[in-house]
Engineer: 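My structure is below; once you've seen it, I'll send some questions.
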Amino acid sequence: MKILTIIGARPQFIKASMVSRSLHKKGIHEILLHTGQHYDENMSNVFFNEMEIPKPNYNLGVGSGSHGEQTAKSLEGIEKVIMKEKPDLVLVYGDTNATVAGALASSKLHIPIAHVEAGLRSYNRRMPEEINRVLTDVISSYLFCPTKLAVKNLKKEGITDGVFLTGDVMVDSLLHFTKLAETEATIMKKLNITSKNYGLMTIHRPANADDREIMFKLIDVLNQSPIPLIFPIHPRTRKLLSEFDFESHKTIQPINPVGYLDMLILEKYAQVILTDSGGIQKEAYLQKVPCITLRPETEWIETVEDGWNTIVNEEYGRLLELIKSPPIPKKWISHYGEGNAAGKITDILLS
Ligand code: UD1
Ligand code: UDP
């Protein structure tokens, strides 16, 4: 069997790493295509190196641009590779422009699509990711769902064929790399921080990161945080914040985006995590760290229902109290599986 895997952005490298390993172990021929959507050393290469992801067979180098431009360039490049490689199946991950481009290119060439992280919904169609997910799910033949809720969401849309509850591949990555992170990561020393004495924050959603008013309001409040906040800044967010004077406050400590091993450690030992990232909300839950989600809603509803994740949208006044005493519930359920999602996906594809 020959599989063409499409990846392009940071979370997809992390999601693909364990599936890729599993495919190789079972002797499946995988061709890896990187659209090049993320290209900075610390947004792309670092993950390939740390997680031993094979070097992509193709890099389309699409880079940054508007949604139309980025998706169109990816679509065109992926189509060419599919025609040349003639894979039996195309594997796509998550909800980025690479995901929808891969799915569209394959469906028009009648190549079956497998979607890892199918069925997720925010029900907010102003999010580019929501459009990407809905479109990808509709044309996928194999829909690998991380949660029971994802299966239910698909059912509501009339999608039941080819739907499999596999658990979340991000659990596989987290479990596999935590031990290595504990021995290899140097970030705590480098930043001179100790366990549970700091918060971790990330922001990159366009609804926050592209809105000057929201960002400056948020940063003003967070600069009064009772604990230091380590802030690995996504390049989208860096553009808007380049004029912000972090030096004169010192509470928020901006740093460059970090590799996966450093990130796992920063998450694990944080007192609280503030984020608008999908993956980081889930990793916070998996590492039993309270999370504050800076968005109007989340796809990872289980984390909110169990009390580990608090949604804060614009009522930023609440943030300081939440940082000081974040809720630490007793309830914790392995909603995202036990860490064998990649194996299940491989077995389903083989059968
Ligand atoms: C993309 C995904 C989003 C995902 C996020 C993960 C889409 C629609 N969005 O958003 O779902 O959560 O990745 O991080 O696919 N930039 C750099 N260097 C890079 C990459 C980006 O400087 O290596 C800058 C560019 O100025 C670019 C901006 O960041 O315009 C945004 O990058 P882009 O890939 O368009 O979207 P993300 O916000 O990263
Ligand atoms: N991540 C990382 N370094 C960082 C920020 C995030 O390794 O500086 C990892 C994080 O641990 C998670 C993934 O990137 O596994 C989440 O990606 P991101 O927040 O970019 O996108 P989203 O999950 O929101 O699509």
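Every number for a ligand or one of its atoms is a count from 1 in the order of the listing. Note that the structure is a prediction, hence the values are computed from the model and not measured.
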Engineer: When you compare ligand 2 with Val258, is there at least one nitrogen or oxygen pair between them that comes in under 3.5 angstrom?
Structural biologist: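 Yes; at least one N/O pair falls below 3.5 Å.
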Engineer: When you compare ligand 1 with His67, is there at least one nitrogen or oxygen pair between them that comes in under 3.5 angstrom?
Structural biologist: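 N/O-N/O distance under 3.5 Å: no.
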Engineer: Heavy-atom distance under 4.5 Å between the side chains of Ile230 and Ile193, does that happen here?
Structural biologist: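 A side-chain contact under 4.5 Å exists here.
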Engineer: Taking distance alone, with N or O pairs closer than 3.5 Å, would you say Tyr39 contacts ligand 1?
Structural biologist: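 There is such a contact, yes.
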Engineer: Would Lys331 and Asp306 pass as an ion pair if we require N to O under 4.0 Å?
Structural biologist: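 Salt bridge flag = yes for Asp306 with Lys331.
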Engineer: Based purely on interatomic distance, does Arg205 place a nitrogen or oxygen under 3.5 Å from a nitrogen or oxygen of ligand 2?
Structural biologist: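 There is such a contact, yes.
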Engineer: What's the shortest distance from atom 4 (C) of ligand 1 to any protein heavy atom, and which residue and atom give it?
Structural biologist: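 Ranking protein heavy atoms by distance from atom 4 (C) of ligand 1, first comes His204 NE2, 3.8 Å.
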Engineer: Can you confirm whether or not the ring centre of Phe48 sits under 6.0 Å from the ring centre of His34?
Structural biologist: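 Centroid separation for Phe48 and His34: below 6.0 Å.
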Engineer: Is a donor on one side and an acceptor on the other found under 3.5 Å between the side chain of Asp168 and the backbone of Pro146?
Structural biologist: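 No; zero donor-acceptor contacts below 3.5 Å.
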Engineer: Check whether any N or O atom of Asp95, backbone or side chain, sits under 3.5 Å from an N or O atom of ligand 2, and answer yes or no.
Structural biologist: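 N/O-N/O distance under 3.5 Å: no.
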Engineer: Report, in ascending order of atom number, the atoms of ligand 2 lying under 4.0 Å from any heavy atom of Ser277.
Structural biologist: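 Ligand 2 atoms under the 4.0 Å threshold to Ser277: 16 (C), 18 (P), 19 (O), 22 (P), 23 (O), 24 (O).
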Engineer: Got an N/O contact under 3.5 Å between Thr202 and ligand 2?
Structural biologist: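 No, Thr202 has no N/O under 3.5 Å of an N/O on ligand 2.
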Engineer: Distance to 0.1 Å, residue and atom name: give those for the protein heavy atom nearest to atom 14 (O) of ligand 2.
Structural biologist: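 The closest heavy atom on the protein side is Ile14 CD1, 3.4 Å.
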Engineer: Looking only at distances, please establish whether an N/O atom of ligand 2 is found under 3.5 Å from an N/O atom of His234.
Structural biologist: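 No.
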Engineer: Is a donor on one side and an acceptor on the other found under 3.5 Å between the side chain of Tyr260 and the backbone of Leu174?
Structural biologist: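 Confirmed, Tyr260 side chain pairs with Leu174 backbone.
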Engineer: Please determine whether any non-hydrogen atom of Gln70 lies less than 4.0 Å from an atom of ligand 1.
Structural biologist: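 In this structure, Gln70 qualifies as a contact of ligand 1 - some heavy atom is under 4.0 Å.
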Engineer: Any side-chain heavy atom of Pro11 within less than 4.5 Å of one from Ile14?
Structural biologist: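 No. Closest side-chain heavy atoms not under 4.5 Å.
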Engineer: Can you sort out which atoms of ligand 1 are near Lys239, meaning under 4.0 Å from one of its heavy atoms?
Structural biologist: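 In order of number, 26 (O), 30 (O).
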Engineer: So for ligand 2, is Phe47 a polar contact partner (N or O within less than 3.5 Å, distance only)?
Structural biologist: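 Between Phe47 and ligand 2 (N or O atoms, distance only) the closest approach is not under 3.5 Å.
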